[in-house]
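Okay, so here's the structure we're looking at.
Numbers restart at 1 for each chain; the letters A, B, ... are given by sequence-line order, proteins then strands. Just so it is clear, the structure is predicted and the values come from calculations on it, not from any experiment.
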Protein chains: 2
Amino acid sequence: MLRALSEAGFSDTRARRAVVHALCDAQTGATPADLLARGRSVHAGLGQVTVYRTLEILEQLGLVRKLHQDDGCSSYAASSTGHAHHVICRTCHAAVEFEGCSIDNVLRQVSARTGYSVDSHFLELFGLCPSCRRKK
Amino acid sequence: MLRALSEAGFSDTRARRAVVHALCDAQTGATPADLLARGRSVHAGLGQVTVYRTLEILEQLGLVRKLHQDDGCSSYAASSTGHAHHVICRTCHAAVEFEGCSIDNVLRQVSARTGYSVDSHFLELFGLCPSCRRKK
DNA sequence: TTACTTGCAAAAACTTTGCAGGCGC
DNA sequence: GCGCCTGCAAAGTTTTTGCAAGTAA
């Protein structure tokens, strides 16, 4: 992730490393406030504004994805690259990325029925992660 | 939609009718501010707070769904009932509901790979509506 | 009448912007 | 050294809360 940043022409700074670290450290979606707290354990002077600005960059590069959850859409999760989705645990919020969403059939169906030309999509799954399932 | 509200035990009030009307009137996702403006053409005294409160109720009843768009997650679209998704025009934002998302194969795949038990999902498609397509 | 609703005002939460100083390269 | 970055403070936005008055049933 840091590498991708510098390859895209962004400086390798202490603040950005802290945010990236916080994102990778969290196995769950994290809000800007979460990331600030986590990031400060690495770089005490980190500011909230920088978290926002770094997230903006990472999101544009596709390295981070905003999650849509019931309690709001303000958490972010690392996304290895390009097209991918997340499956989120409704108990502990652990977010795991997955690829290979073969929903072409749905796209075709919807195109045919609605007349829209569909060119992208957003998919998110919710359920229980293995560990939370065990605890039930 | 009004019927469903009263069946769920909520009063049939002028303010709620205005919000519901505004929601159905808009063929696109509408933000709380949009709904206030539209709703006021029906009930001039409508307040923003009531819009929020009504949306909350409608959302819980599954009559309205929050959309997840690039520019934020603060617009809502009417949803006839239960499980359904939207396909949204990236130009004019027209939102059309569709059912029949046969993504069971994806769910199974993800379950198998990640060990999560998946019990719900969120899917949204983006593209161009017939009318915007013609204008290109 | 009685309880549910409403809208205002204010508070709180969240995000963006401006800018002087700091740091990567 | 130059120009990108940062963090503070402040401004803007959006959403929530408290409460007295209003309205549906």
Positions of residues 34-45 of chain B (non-hydrogen atom under 4.0 Å from DNA chain D), listed by number: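 Residues of residues 34-45 of chain B under 4.0 Å from DNA chain D: none.
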Side-chain ion pair, A:Asp119 and B:Arg90, N-O less than 4.0 Å: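 Counted as a salt bridge, because a side-chain N and a carboxylate O are separated by less than 4.0 Å.
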Reading 5' to 3' through nucleotides 14-25 of chain D, protein heavy-atom contacts under 4.0 Å coded B for base, S for sugar-phosphate only, - for none: SBBB------SS
Pair B:His85 and B:His121, ring centroids less than 6.0 Å apart: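 B:His85 vs B:His121: aromatic centres under 6.0 Å.
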Aromatic ring pairing B:His68/A:Phe122, orientation class (parallel under 30°, perpendicular over 60°, tilted between): tilted
Test item: B:Thr54 side-chain N/O and B:Thr50 main-chain N/O as donor-acceptor pair under 3.5 Å: yes
Contact check, side chains of B:Arg17 and B:His21, non-hydrogen atoms, under 4.5 Å: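 No. Closest side-chain heavy atoms not under 4.5 Å.
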Of A:Val96, A:Ile88, A:Leu128, the residue whose pairing with B:Tyr116 passes side-chain contact (heavy atoms from CB on, under 4.5 Å): A:Val96
Nearest-angstrom distance from the residue atom CZ of A:Arg16 to C1' of C:dG24: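 Atom CZ in A:Arg16 sits about 10 Å away from atom C1' in C:dG24.
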From CZ (A:Arg16) to CD1 (A:Ile57), nearest 0.5 Å: 4.0 Å
Inter-residue atom distance A:Gln109.CD - B:Phe98.CZ, 0.5 Å rounding: 9.0 Å
